[in-house]
Amino acid sequence: METTRIAVEGMTCQGCVNSLTRALKSTPGVQSATVTLEPAQASIEHDPLAAPVDALRAVIADAGFEAR
Ligand code: 9UX
(Lines give C-alpha, C1' and ligand atoms only; values in the text may rest on other atoms or scores of the structure.)
Protein backbone atom coordinates (compact mmCIF):
# COMPACT_ATOMS: atom_id res chain seq x y z
CA MET A 1 0.00 0.00 0.00
CA GLU A 2 1.22 3.46 -0.89
CA THR A 3 -0.09 6.96 -0.27
CA THR A 4 -0.27 9.39 -3.19
CA ARG A 5 -1.28 13.02 -3.03
CA ILE A 6 -2.67 14.60 -6.19
CA ALA A 7 -3.59 18.28 -6.57
CA VAL A 8 -7.13 18.56 -7.96
CA GLU A 9 -8.42 21.59 -9.83
CA GLY A 10 -12.06 22.30 -10.56
CA MET A 11 -13.75 21.38 -7.28
CA THR A 12 -16.03 24.19 -6.15
CA CYS A 13 -18.23 22.79 -3.42
CA GLN A 14 -18.52 19.99 -0.89
CA GLY A 15 -20.59 18.02 -3.40
CA CYS A 16 -17.56 17.85 -5.66
CA VAL A 17 -15.49 16.62 -2.73
CA ASN A 18 -18.07 13.95 -1.90
CA SER A 19 -18.46 12.71 -5.47
CA LEU A 20 -14.72 12.50 -6.06
CA THR A 21 -14.25 10.74 -2.72
CA ARG A 22 -16.86 8.16 -3.70
CA ALA A 23 -15.32 7.67 -7.16
CA LEU A 24 -11.86 7.11 -5.72
CA LYS A 25 -13.03 4.79 -2.93
CA SER A 26 -14.96 2.65 -5.41
CA THR A 27 -11.84 2.16 -7.56
CA PRO A 28 -10.35 -1.33 -7.28
CA GLY A 29 -7.03 -1.16 -5.46
CA VAL A 30 -7.92 1.97 -3.51
CA GLN A 31 -8.08 1.41 0.24
CA SER A 32 -8.98 4.92 1.35
CA ALA A 33 -9.22 8.41 -0.06
CA THR A 34 -9.36 11.80 1.61
CA VAL A 35 -10.38 14.74 -0.59
CA THR A 36 -10.29 18.37 0.54
CA LEU A 37 -11.18 21.70 -1.04
CA GLU A 38 -8.57 23.66 0.90
CA PRO A 39 -6.04 22.60 -0.04
CA ALA A 40 -7.57 21.28 -3.26
CA GLN A 41 -6.19 17.79 -3.26
CA ALA A 42 -6.79 14.08 -2.93
CA SER A 43 -4.73 11.87 -0.64
CA ILE A 44 -5.14 8.27 -1.69
CA GLU A 45 -3.98 5.08 -0.03
CA HIS A 46 -3.71 2.50 -2.77
CA ASP A 47 -2.10 -0.68 -4.03
CA PRO A 48 0.24 0.66 -6.74
CA LEU A 49 -0.12 -2.54 -8.79
CA ALA A 50 -3.93 -2.73 -8.76
CA ALA A 51 -4.40 1.05 -8.87
CA PRO A 52 -1.37 2.82 -10.34
CA VAL A 53 -1.13 6.60 -10.14
CA ASP A 54 -2.15 6.94 -13.80
CA ALA A 55 -5.40 5.11 -13.00
CA LEU A 56 -6.07 7.43 -10.07
CA ARG A 57 -5.51 10.43 -12.31
CA ALA A 58 -7.95 8.94 -14.85
CA VAL A 59 -10.61 8.54 -12.14
CA ILE A 60 -10.20 12.21 -11.24
CA ALA A 61 -10.51 13.25 -14.89
CA ASP A 62 -13.54 10.99 -15.43
CA ALA A 63 -15.19 12.61 -12.40
CA GLY A 64 -14.89 15.95 -14.18
CA PHE A 65 -11.88 17.45 -12.42
CA GLU A 66 -8.29 18.12 -13.37
CA ALA A 67 -5.43 16.20 -11.77
CA ARG A 68 -2.27 18.30 -11.51
MO1 9UX B 1 -21.39 21.48 -6.20
MO2 9UX B 1 -19.42 20.07 -7.74
O3 9UX B 1 -23.14 22.26 -6.56
O4 9UX B 1 -19.27 18.66 -9.06
S5 9UX B 1 -21.16 19.28 -6.66
S6 9UX B 1 -20.15 22.27 -7.89
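Each ligand, and each atom within it, is numbered from 1 in the order the structure gives. When reading the values below, keep in mind they use all heavy atoms of this one structure, side chains included, and skip hydrogens, waters and symmetry mates.
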[atom1]/[X] to [atom2]/[Y] distance, rounded to the nearest 0.5 angstrom?
{"X": "Ile44", "Y": "Thr27", "atom1": "CD1", "atom2": "OG1", "result": "8.5 Å"}
{"X": "Ile6", "Y": "Arg68", "atom1": "CD1", "atom2": "CZ", "result": "12.5 Å"}
{"X": "Met11", "Y": "Glu38", "atom1": "CE", "atom2": "CD", "result": "9.5 Å"}

Identity and distance of the protein heavy atom lying nearest [atom]:
{"atom": "atom 1 (Mo) of ligand 1", "answer": "Cys13 SG, 2.0 Å"}
{"atom": "atom 2 (Mo) of ligand 1", "answer": "Cys16 SG, 1.9 Å"}
{"atom": "atom 6 (S) of ligand 1", "answer": "Thr12 OG1, 3.0 Å"}

Under 4.0 Å from one or more heavy atoms of Gly15, ligand 1 contributes atoms 5 (S)
Does the side chain of Glu45 come under 3.5 Å of the side chain of Ser32 through a donor N or O and an acceptor N or O? yes
